[in-house]
Amino acid sequence: MGRGRVQLRRIENKINRQVTFSKRRSGLLKKAHEISVLCDAEVALIVFSTKGKLFEYSTDSCMERILERYERYSYAERQLLANDLEPNGSWNLEHAKLKARMEVLQRSQKHFRGEDLDSLSLKELQSLEQQLDSALKHIRTRKNQVMHESISDLQKKDKALQEQNNSLAKKVKEKEKEIAQQEQWEQQNHTLESSSVLPQPLQPWNIGRSYQASGNGREEETTPSQNQANTLLPPWMLRHFNQ
């Protein structure tokens, strides 16, 4: 006898439902793989269990690329239909598209942080590892570039400071040299001025008595003060006093 038609409805027994889910899920993933190989088709399969666990299959190494392609085609079709709808309809479609994109990005972010990796296959884990390795290489390259630029800037600043220091030291030496020359010149001028001022020789005083001939033929005694006065007075005054 042939197998009877099974009525599709929710299995009430929890254990039977879980067993059936595991078997049908494996068969579904197998069928998706077969159609992708036999027909050279791009297939993306996403299954969430009743507990919220994710099971997925994609022919491409990255599920996001297939989802983005799906969003482009579905968005183009919705745009054609949106022309006949109200203006608010286009905003609703755009909101749905952005929401789906946000969910994909959040899931990828969790994977990059090492979370929710149980649902990933070996191929997907290898692809995630390659992406992380590539990201680490870019980060290390950028870090080394920033370090080299920082070292180069510090070397330039150090060179500029050394040149400034050498210039200041040269100016200080020139200033000290000018001060030394100025002091030497002032000392030489002081020596020349002191040597040019010599004491005047003292004039001898005639302490002894001097005699002066008078008009009557007698010699009159004169004192040194008189002789000095005679030398200072003009001749006409001398003749007047002698008379």
Side-chain angles (χ1 to χ4, degrees), residues 1-86 88-141:
M1 294 179 63
R3 186 176 180 181
R5 185 174 182 181
V6 179
Q7 185 179 1
L8 294 177
R9 65 179 181 177
R10 182 176 181 271
I11 302 175
E12 298 297 334
N13 190 310
K14 184 177 180 181
I15 297 175
N16 293 337
R17 186 169 61 244
Q18 184 65 30
V19 172
T20 303
F21 175 78
S22 299
K23 291 181 179 179
R24 295 297 181 96
R25 183 198 65 204
S26 299
L28 184 61
L29 294 175
K30 181 179 179 182
K31 291 295 183 181
H33 176 68
E34 289 176 355
I35 193 173
S36 65
V37 174
L38 295 175
C39 303
D40 194 17
E42 289 188 2
V43 179
L45 176 62
I46 299 175
V47 179
F48 287 97
S49 66
T50 56
K51 295 181 179 180
K53 191 174 182 180
L54 172 66
F55 299 93
E56 61 179 350
Y57 170 80
S58 62
T59 55
D60 196 356
S61 59
C62 184
M63 174 73 76
E64 284 78 2
R65 196 179 71 83
I66 299 178
L67 293 177
E68 289 177 358
R69 184 178 179 184
Y70 166 76
E71 289 177 359
R72 287 196 303 269
Y73 279 94
S74 62
Y75 179 73
E77 292 178 358
R78 288 194 298 267
Q79 284 294 104
L80 294 176
L81 296 176
N83 295 328
D84 300 331
L85 299 177
E86 296 180 358
N88 294 331
S90 60
W91 290 108
N92 293 331
L93 293 176
E94 185 69 19
H95 176 265
K97 177 184 177 183
L98 293 176
K99 184 177 180 181
R101 179 62 178 168
M102 184 179 66
E103 291 177 356
V104 172
L105 292 176
Q106 289 177 349
R107 185 161 54 86
S108 299
Q109 188 177 11
K110 289 182 179 180
H111 292 167
F112 285 126
R113 290 201 304 261
E115 301 175 359
D116 296 340
L117 300 178
D118 297 336
S119 59
L120 298 180
S121 63
L122 178 61
K123 187 177 181 181
E124 291 171 345
L125 291 173
Q126 291 175 350
S127 175
L128 180 62
E129 183 181 8
Q130 292 176 358
Q131 292 177 10
L132 291 174
D133 291 337
S134 177
L136 286 175
K137 289 179 181 179
H138 288 296
I139 292 171
R140 293 192 184 100
T141 302

The criterion is side chain to side chain contact (heavy atoms under 4.5 Å, CB included); which residues satisfy it with [X], sequence neighbours excluded?
X: Q130; value: none
X: Q18; value: F21, S22
X: R9; value: none

Over 12 non-hydrogen atoms of neighbours within 6.0 angstrom of [atom1] in [X]:
X: I35; atom1: CD1; answer: no
X: N13; atom1: CG; answer: yes
X: I15; atom1: CD1; answer: no

Those residues that, when tested against S108, pass side chain to side chain donor-acceptor pair (under 3.5 Å) (two or more places apart)
E64
Partner residues of R101 under the side chain to side chain donor-acceptor pair (under 3.5 Å) criterion, sequence neighbours left out:
E68
Contact list for residues 46-57, test salt bridge (Lys or Arg N to Asp or Glu O under 4.0 Å), sequence neighbours left out
E56-R107
Start with the C-alpha gap between L28 and R24, add the side-chain angles, then the distance that decides, and say whether side chain to side chain contact (heavy atoms under 4.5 Å, CB included) holds.
CA-CA 6 Å; L28 184 61; R24 295 297 181 96; over 6 Å; no
Check whether any side-chain heavy atom of Q109 lies under 4.5 Å from a side-chain heavy atom of E115, and answer yes or no.
no
[atom2] on [Y] to [atom1] on [X], rounded to 0.5 Å:
X: H111; Y: L132; atom1: NE2; atom2: CG; value: 11.5 Å
X: I11; Y: T20; atom1: CD1; atom2: OG1; value: 3.5 Å
X: D133; Y: E129; atom1: CG; atom2: CD; value: 5.5 Å
X: L128; Y: L117; atom1: CG; atom2: CG; value: 6.5 Å
X: K14; Y: T50; atom1: NZ; atom2: OG1; value: 7.5 Å

For the backbone of H33 and the side chain of S36, can you confirm whether one donor and one acceptor N or O come within less than 3.5 Å of each other?
yes
Given S134, which of H138, K137, Q131 fulfils the side-chain contact (heavy atoms from CB on, under 4.5 Å) condition?
H138
Between V43 and I66 the two heavy atoms that sit nearest each other are O-CD1, 3.8 Å
